[in-house]
Number of protein chains: 2
Amino acid sequence: MADTSDRRARRRAQTLEEILDLALDLMAEEGVAGLSLSAAARRLGIRPPSLYKYFPSRHAVYDALFERGQRAYLEAVRRGAAGREPGLAAMAASLEAGARWVMANQALAQLMFWRPVPGFEPSARAYAPALAVHDHFTALTAAAIERGELHPDAASEEGQALGSSLIAGLLSQQLSNEPDAAFEEGRFTRWVARLPGVLVALYPPR
Amino acid sequence: MADTSDRRARRRAQTLEEILDLALDLMAEEGVAGLSLSAAARRLGIRPPSLYKYFPSRHAVYDALFERGQRAYLEAVRRGAAGREPGLAAMAASLEAGARWVMANQALAQLMFWRPVPGFEPSARAYAPALAVHDHFTALTAAAIERGELHPDAASEEGQALGSSLIAGLLSQQLSNEPDAAFEEGRFTRWVARLPGVLVALYPPR
DNA sequence: AGCTTTGGCTACTACCTATAGCCTAAGCTA
DNA sequence: TAGCTTAGGCTATAGGTAGTAGCCAAAGCT
């Protein structure tokens, strides 16, 4: 029935992924906002207009990459926490896993967290995993408070704002100043492992 | 002698500034990387190629804006500290002045601190004020340690990395999540006034 | 009065995104 | 098996961009 058609659909899905891979390469080479669909088409071996059979616009390519990135990032922070006691230990592991993912996927991370592409706004669908990431860290904070590892104020609006700014700041500085440094050697990423300690210093329990 | 020529030079300088102002408007409207020299020329009332009599390339416009921004930012952080006792008080005032400048000059700040324009690297000349900003904060940290307001470790590589990440993180989060919020109401900028307290908590004196 | 320079201009090249519409071959269906 | 449909190529084209070449008038210098 839809068996042979599946083959066609599978080939199409393969091409879609291939285009996204090429676009990612190009973004890494030319800068996130420097992506050219024509260049991607050339690398794929087709003429530029043919690429529009797969994506209706340049923004649609960005949106697909945004979603792919958000899903991968969510997966990374979840895997980081997996197997750890919920609380500060899981948060530490999760932050580090997320930071490592960002450093290993810089073009994607820039697209996701710094929005350097004029006019591009992610669709709700593409943005959805970001909400799950937020929930993930909220839950870990709550668990840490529950276990008496952090003061309850850490869960406040302020505490969450500071926490997210801490990790965002370290990564932003690392990316703009030493993008090629190994995670352990980076002047800023080296702090990531100590972030839970910083949180405890700022929100000591009890 | 060069007296009448001065008039010509002055007119030219005026036009240069006018172009930069228009470019800044366009960056605010269309995104930093979305600047079009053709659009700037249209607003100025000349044909696009004529604009190349003033700037040799689009990157040259970015470079001039980068330098203008760095100078203004340096001026802002210096004025913030002026009249304060050198040390933590001056640092607090300086951080806040800088943060206010960033929120009031978002397009410029993005160009300066996030480099969203593919292929654009600032010239040494344009970058020079950034080094002065760095020295400014290094001096304030040293003064704070001298006065016994911070532990000497705050001046270490690590301490400086954390300090710059803190302010960078808050601003990065504020810009991407609530760019239009008033400084006092911003979920992230509200923290700026408390940053010196955070530093003291992390690097308690003695 | 005449030379030089500035700052306009048009014309053009070489890219880009995106649309319109053609055509072939793969695949579905009677 | 024959014929219809559609996916996925293509060319041509519109209209945008950055940037170059080269012309020319007027301002300014000597």
Side-chain angles (χ1 to χ4, degrees), chain A residues 1-23 25-27 29-65 111 116-121, chain B residues 1-20 22-23 25-27 29-66 111 116-121:
Chain A
M1 202 108 308
D3 192 58
T4 46
S5 180
D6 266 0
R7 208 159 55 209
R8 197 147 76 170
R10 208 162 48 238
R11 288 188 69 88
R12 185 178 175 81
Q14 268 174 11
T15 306
L16 286 168
E17 290 304 305
E18 203 172 340
I19 290 169
L20 293 181
D21 290 339
L22 290 172
D25 291 347
L26 286 162
M27 280 163 56
E29 292 167 27
E30 306 293 330
V32 174
L35 170 63
S36 145
L37 291 199
S38 295
R42 271 194 301 275
R43 293 207 178 170
L44 192 57
I46 64 176
R47 302 302 171 115
S50 301
L51 205 141
Y52 286 80
K53 300 284 181 174
Y54 297 95
F55 291 96
S57 70
R58 188 163 165 263
H59 277 7
V61 175
Y62 281 124
D63 200 59
L65 286 172
L111 175 66
V117 182
F120 168 64
E121 282 295 317
Chain B
M1 202 110 308
D3 190 59
T4 45
S5 179
D6 266 1
R7 207 160 54 208
R8 198 146 75 169
R10 206 162 50 239
R11 286 189 71 86
R12 186 178 175 80
Q14 267 175 11
T15 306
L16 286 169
E17 290 304 305
E18 202 172 341
I19 290 169
L20 293 181
L22 290 171
D25 292 346
L26 287 163
M27 280 163 57
E29 292 167 28
E30 305 294 328
V32 174
L35 170 63
S36 144
L37 290 199
S38 295
R42 272 194 299 276
R43 293 207 179 170
L44 191 58
I46 64 177
R47 302 302 173 114
S50 301
L51 206 141
Y52 286 80
K53 299 286 180 175
Y54 297 95
F55 290 96
S57 72
R58 188 162 163 265
H59 277 8
V61 174
Y62 281 124
D63 200 60
L65 286 173
F66 188 98
L111 175 66
V117 183
F120 167 64
E121 281 295 316

Exercise. Using a cut-off of less than 4.0 Å, is there contact between a side-chain N or O of A/Ser50 and OP1 or OP2 of D/dC10?
Worked result: yes
Exercise. Roughly how many Å is it from OH in B/Tyr52 to C1' in D/dG19, rounded to a whole number?
Worked result: 5 Å
Exercise. Would you say B/Arg11 reaches D/dA26's phosphate, i.e. side-chain N/O to OP1/OP2 under 4.0 Å?
Worked result: no
Problem set entry | Side-chain N or O of A/Tyr54 closer than 4.0 Å to phosphate OP1/OP2 of D/dG9 | yes
Exercise. OP1 or OP2 of C/dG7 less than 4.0 angstrom from a side-chain nitrogen or oxygen of B/Thr15, does that happen here?
Worked result: no
Seminar exercise, completed: A/Arg42 CZ to C/dA14 P, in whole Å, measures 14 Å
Exercise. Taking only side-chain nitrogens and oxygens of A/Arg47, does any of them come within less than 4.0 Å of OP1 or OP2 of D/dG9?
Worked result: no
For this session: Report yes if a side-chain nitrogen or oxygen of B/Ser38 is closer than 4.0 Å to either non-bridging phosphate oxygen (OP1 or OP2) of D/dA18; otherwise report no.
Result: yes
For this session: Return yes if some donor-acceptor pair links the side-chain N/O of A/Arg58 with the main-chain N/O of A/Leu35 below 3.5 Å, else return no.
Result: yes
Exercise. With a non-hydrogen cut-off below 4.0 angstrom, is B/Ser57 in contact with a base, only sugar-phosphate, or nothing?
Worked result: sugar-phosphate
Exercise. Does A/Arg8 have a side-chain nitrogen or oxygen under 4.0 Å from the phosphate oxygens OP1 or OP2 of C/dA25?
Worked result: no
For this session: Name the orientation class of the two ring planes belonging to B/Tyr62 and B/Phe120 (parallel below 30°, tilted from 30 to 60°, perpendicular beyond 60°).
Result: tilted
For this session: Give one of base, sugar-phosphate or nothing for B/Pro48, where a contact means two heavy atoms less than 4.0 Å apart.
Result: nothing
